[in-house]
Amino acid sequence: MTWLAIVLALGSAAAAGLSTSVQHHAAENAPRGRGVLGLMKHLVGRPWWLVGQALGLVTVAFHAAALHYGPLALVQPIVITGIVFAVPIRAAISRTLPPWAEMQWVVVTAVGLAIFLVASAPQESQVASREKLQITLTAVVALVAYIGIFASRRITNGQYKAFMLGAAAGLLFGLVAVTLKVTVHDLANGGLAGMASSWATYALVVVGLSGVATNQLAYHEARLSASMPVLNIVDVLLALVFGYVVFQEVPRHTPLALAAELVSLGAIVIGLWKLAFFEEIHQHEGEPVAAPASDPRAG
């Protein structure tokens, strides 16, 4: 049911974009200089901010459903494009037209994604097989991420430190998608008992919380553009590697298909990189926004 996975993944990306936009809107008049606790106290009393949190949960639900029906290598490139949906949604909330320069990169990203989906068409996942490889690679990647987090403590330059933390968060969010796919598979085939006995369920909690915390540390160190692009790139590349190597989601691999996949991935990466700078501008127009209940990359 690849078409259903695409629809659900688009729903996850759209919900993530809407969640972020609603929270930005709710925080526009948040008081300054009261710290995190003061900001949170203000936001929990704003109905629209609470709606944004609820939409964060919808994001995770759509993501999980998409991973149930489709390959990881197909779903994850769609899910990380929530920022593309945020552009027109934010403009609609503000009753203005989005800047043409921003819309150009939205189009580049969307076209790149469309070409990638058509060109790659990976086979269905083999989740039940290669469990030892799943566990081993998950542990190795998580270890690399935690080493990166620890190493970032020695970096004094805020930009470089945020970049390192963004890369580490990208690894962790990529693992969120991997473990979420395995968890959903175990739930579908073994019920709650199967999910409770699955290694992926507990790994999902660990890498999910670690990813959110690391992402916030990155945002704290430097501007959004220092960490968000590398986070998205590492996230999707890791998902593709796991999809191809671990879940045996073999894509089309004719010379023409491979060329189209590389070019389209490049367009997605460049588009998300450019849009991160516009996102940064929008965040600085209002107050800092508390993190959503779930990041679009985390599910």
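A distance of 14.0 Å separates CZ in F85 from OG in S19, rounded to the nearest 0.5 Å. Separation of atoms CG (L175) and CG (L180) is listed at 12.0 Å; rounding is to 0.5 Å. Here the CH2-CD1 distance, from W3 to I6, works out to 10.5 Å after rounding to the nearest 0.5 Å.
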For residues 261-271, which side-chain N or O atoms pair as donor and acceptor with protein atoms under 3.5 Å away, sequence neighbours left out?
unit_1 : atom_1 : unit_2 : atom_2 : d
S264   : OG     : A260   : O      : 2.8
S264   : OG     : E261   : O      : 2.9

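Applying side-chain contact (heavy atoms from CB on, under 4.5 Å) to I115 and the options L117, V118, L113, V111 leaves one that passes, V111. When the options I78, V58, L8, V75 are evaluated for a side-chain contact (heavy atoms from CB on, under 4.5 Å) with H63, the one that passes is V75.
Linking Ile, Leu, Val, Met, Phe, Trp and Tyr whenever their side-chain heavy atoms come within less than 4.5 Å leaves V207 and M164 in two separate clusters. Grouping the Ile, Leu, Val, Met, Phe, Trp and Tyr side chains by contacts below 4.5 angstrom, directly or via other members, places L187 apart from L57.
Of the possible donor and acceptor atoms, none in the side chain of T81 sits under 3.5 Å from a partner among the backbone N and O of V84. Using modelled atom types, no side-chain atom of T201 and backbone atom of T183 make a donor-acceptor pair closer than 3.5 Å. Here the side chain of N189 pairs a donor or acceptor atom with the backbone of H185 at under 3.5 angstrom. Side chain of K161 to backbone of R154: no donor-acceptor contact under 3.5 angstrom is found.
No more than 12 heavy atoms of other residues, nucleotides or ligands lie within 6.0 Å of NZ in K274, so this atom counts as exposed by the packing criterion. Within a 6.0 Å radius of OH in Y244, other residues, nucleotides and ligands contribute more than 12 heavy atoms.
Side-chain contact between L237 and V241: absent, with no pair of heavy atoms (C-beta onward) separated by less than 4.5 Å. Using a 4.5 Å heavy-atom cutoff, the side chains of Q134 and F247 are in contact. Considering only heavy atoms from C-beta on, V51 comes within 4.5 Å of L55 through its side chain. Residues F242 and T138 are in side-chain contact: their nearest non-hydrogen atoms beyond the backbone lie under 4.5 Å apart.
G194 and D186 make their closest contact through O-CB, 4.0 Å (heavy atoms, listed as atom of the first residue, atom of the second, distance).
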Give the C-alpha distance, both sets of side-chain angles, the deciding distance and a yes or no for side-chain hydrogen bond (donor to acceptor under 3.5 Å, both in side chains) between S152 and Y160. CA-CA 8 Å; S152 71; Y160 295 153; over 6 Å; no
